[in-house]
Amino acid sequence: MSGTERVLVVVPTYNEVANLEPVLQRLLGAVPGVHALVVDDGSPDGTGELADKLSAGDPRVHVLHRPGKAGLGPAYVAGFRWGREHGYDVLVEMDADGSHAPEQLPRLLAALEGADLALGSRYVPGGQVTDWPAHRLLLSRVGNRYTRWALRLPLADATGGYRAARASLIDRLPFDDVASQGYCFQVDWAWRAWRDGARVVEVPITFSERTAGRSKMSGSIVGEALVRVTVWGLRDRLADRLPGWVPRPVPGRVRDGGRSEAAR
């Protein structure tokens, strides 16, 4: 990736007052040239006010306030839109809870040298998860396997939320009709990118459990993902049997650790 490209890290927040400042400090220390956009959904714990304070003290920190909790997907879409309106060349997704190590961001940015989308992957060689209980890790692995099978999507970790994308990819994907509110958004737009023929790479990362605050994962979020992935997969298979009923995926390519393989 060119050193002249402007990078914006979009950090959605809801009640992350204990995590936000240390995460931003780590991010700007690890990659001083990037900017961060905190997208706060009206956090009642003061996260938005803290973000404003941090922004006032550092021109690399920006804040986008939204009136209420509307879901992870819409928060990222709003952040992408803001980033494009302000001329950023690369958009990065990163959690505010410290589970995504800012020190690993250079890996994602370097991977964009030959790609449109770089996914931080827990499940390719070199990737790992630390401090998760066994049931949470099992749920994540099974969810990814099911997603891979249902959507015929050759990604080891389509649900991960640490990723970097070129602005050209963001511009050409139809984010305005993304219906996914929760973490299923990550599957949704990774699948859209692959169907569009984007060059996708998976980069090994270490994912760590948050040390402060409460996880936003819930049964309803898991349920949404299961239902949506199942419906998308069925529609995709019907498209094979009834050409023209819905658009068929455009074959793409996925690279894992430098090795390329056909998407189908």
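Given the structure is predicted, the values throughout are model-derived calculations rather than measurements.
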Calculate, to the nearest 0.5 Å, the distance between atoms [atom1] and [atom2] belonging to [X] and [Y] respectively.
X: Arg199; Y: Leu112; atom1: CZ; atom2: CG; answer: 9.0 Å
X: Asp58; Y: Leu54; atom1: CG; atom2: CG; answer: 8.5 Å
X: Ser140; Y: Arg145; atom1: OG; atom2: CZ; answer: 11.0 Å
X: Ser208; Y: Asp131; atom1: OG; atom2: CG; answer: 6.0 Å
X: Arg26; Y: Asn19; atom1: CZ; atom2: CG; answer: 10.0 Å
X: Tyr123; Y: Glu202; atom1: OH; atom2: CD; answer: 11.5 Å

Q: Output, in order, the C-alpha distance, side-chain angles, deciding distance and verdict of side-chain hydrogen bond (donor to acceptor under 3.5 Å, both in side chains) for Thr47 and Asp40.
A: CA-CA 7 Å; Thr47 301; Asp40 186 67; 4.6 Å; no

Is there side-chain contact between [X] and [Y], with heavy atoms separated by less than 4.5 Å?
X: Val34; Y: Arg60; answer: no
X: Val9; Y: His35; answer: no
X: Pro74; Y: Arg66; answer: yes
X: Trp189; Y: Trp194; answer: no
X: Tyr76; Y: Leu91; answer: no
X: Val201; Y: Leu119; answer: no
X: Val39; Y: Thr13; answer: no
X: Phe80; Y: Leu37; answer: no

Determine yes or no for a side-chain-to-main-chain donor-acceptor pair under 3.5 angstrom, with [X] supplying the side chain and [Y] the backbone.
X: His100; Y: Met94; result: no
X: Asp45; Y: Val17; result: yes
X: Glu93; Y: Val10; result: no
X: Arg163; Y: Gly160; result: yes
X: Asp97; Y: Ser99; result: yes
X: Ser55; Y: Val63; result: no
X: Gln128; Y: Ile205; result: no

Grab the two heavy atoms, one from [X] and one from [Y], that are nearest each other, plus how far apart they are.
X: Gly79; Y: Leu64; answer: N-CD2, 4.4 Å
X: Leu169; Y: Ala198; answer: CD1-CB, 3.9 Å
X: Tyr14; Y: Pro44; answer: OH-CD, 3.7 Å
X: Leu72; Y: Pro12; answer: CD1-CG, 3.9 Å
X: Leu27; Y: Pro102; answer: CA-CB, 3.5 Å
X: Leu8; Y: Ala36; answer: CD1-C, 3.9 Å

Q | Criterion salt bridge (charged side-chain N to carboxylate O under 4.0 Å, His left out) on Arg172 and Asp196, from CA distance to verdict | A | CA-CA 9 Å; Arg172 74 178 193 248; Asp196 189 66; 2.3 Å; yes

Q.
Taking side chain to side chain donor-acceptor pair (under 3.5 Å) as the definition, give me every residue that meets it alongside Arg122, ordered by chain and number, with sequence neighbours left out.
A.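 Asp157, Thr159.
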
(Q) What verdict does the side chain to side chain contact (heavy atoms under 4.5 Å, CB included) test give for Asp116 and Val200, after you've listed the backbone C-alpha separation in whole Å, the side-chain angles of each residue and the deciding distance to 0.1 Å? (A) CA-CA 6 Å; Asp116 302 300; Val200 182; over 6 Å; no

Q) According to the interplanar angle, ranging from 0 to 90°, do the rings of Trp82 and His86 count as parallel (below 30°), tilted (30 to 60°) or perpendicular (above 60°)? A)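 Judged by the thresholds at 30° and 60°, the geometry between Trp82 and His86 is parallel.
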
Q: Might you work through the side chain to side chain contact (heavy atoms under 4.5 Å, CB included) test for Val229 and Leu151, ending with a clear yes or no?
A: CA-CA 7 Å; Val229 167; Leu151 301 181; 4.1 Å; yes

Taking only Lys NZ, Arg NE, NH1 and NH2, and the carboxylate oxygens of Asp or Glu, determine whether [X] and [Y] approach each other closer than 4.0 Å.
X: Arg192; Y: Asp188; value: yes
X: Asp89; Y: Arg166; value: no
X: Arg84; Y: Asp171; value: yes

Q: Start with the C-alpha distance between Val7 and Val92, add both sets of side-chain angles, then the distance that settles side chain to side chain contact (heavy atoms under 4.5 Å, CB included), and finish with yes or no.
A: CA-CA 7 Å; Val7 179; Val92 178; 3.9 Å; yes

(Q) Under the criterion side-chain hydrogen bond (donor to acceptor under 3.5 Å, both in side chains), I'd like the reasoning laid out for His65 against Asp52: C-alpha separation, chi angles, the key distance, then a yes or no. (A) CA-CA 10 Å; His65 292 281; Asp52 286 334; 2.9 Å; yes

(Q) Counting the benzene-type ring for Trp, do Phe207 and Trp132 have ring centres under 6.0 Å apart? (A)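 Close enough - the centres of the two rings lie under 6.0 Å apart.
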
(Q) Can you tell me if Arg6 has over 12 outside heavy atoms packed within less than 6.0 Å of its CZ? (A)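 Yes, CZ of Arg6 has more than 12 neighbouring heavy atoms, counting only those of other groups under 6.0 Å.
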
Q) What about Val187 and Trp149, same hydrophobic cluster or not, with Ile/Leu/Val/Met/Phe/Trp/Tyr joined at side-chain heavy-atom distances under 4.5 Å? A)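 Yes, Val187 connects to Trp149 through the hydrophobic network.
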
**Q.** Same cluster (ILVMFWY, side-chain, under 4.5 Å), Val129 and Tyr162
**A.**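 Val129 and Tyr162: separate clusters.
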
Q: Starting from the C-alpha separation in whole Å, work towards a yes-or-no answer on side chain to side chain contact (heavy atoms under 4.5 Å, CB included) for Trp191 and Leu155.
A: CA-CA 9 Å; Trp191 193 46; Leu155 296 172; over 6 Å; no

